[in-house]
Amino acid sequence: MSKTVALPLVQSVSLFGRFLAALDRVLMTSARAANRNGDLPYFGL
């Protein structure tokens, strides 16, 4: 018998986590557009 135990972990996605993910997507899209135009990307809000 194995001495290890596998526990199924439920992914808890909070509203704050979803907000940070959306903000990250927006900032990365902005950085890609700036990079395409030859500018330095502006990081931050």
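Everything numeric in this text was worked out from a predicted model, so none of it was measured.
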* Interatomic distance, M28 atom CE to L23 atom CG [nearest 0.5 angstrom] -> 12.0 Å
* Asked: When rounded to the nearest 0.5 angstrom, what distance separates CG in D39 from OG in S30?
  -> 10.0 Å
* Asked: Counting only N and O atoms by type, is there a donor-acceptor contact under 3.5 Å from the side chain of T29 to the main-chain atoms of R25?
  -> yes
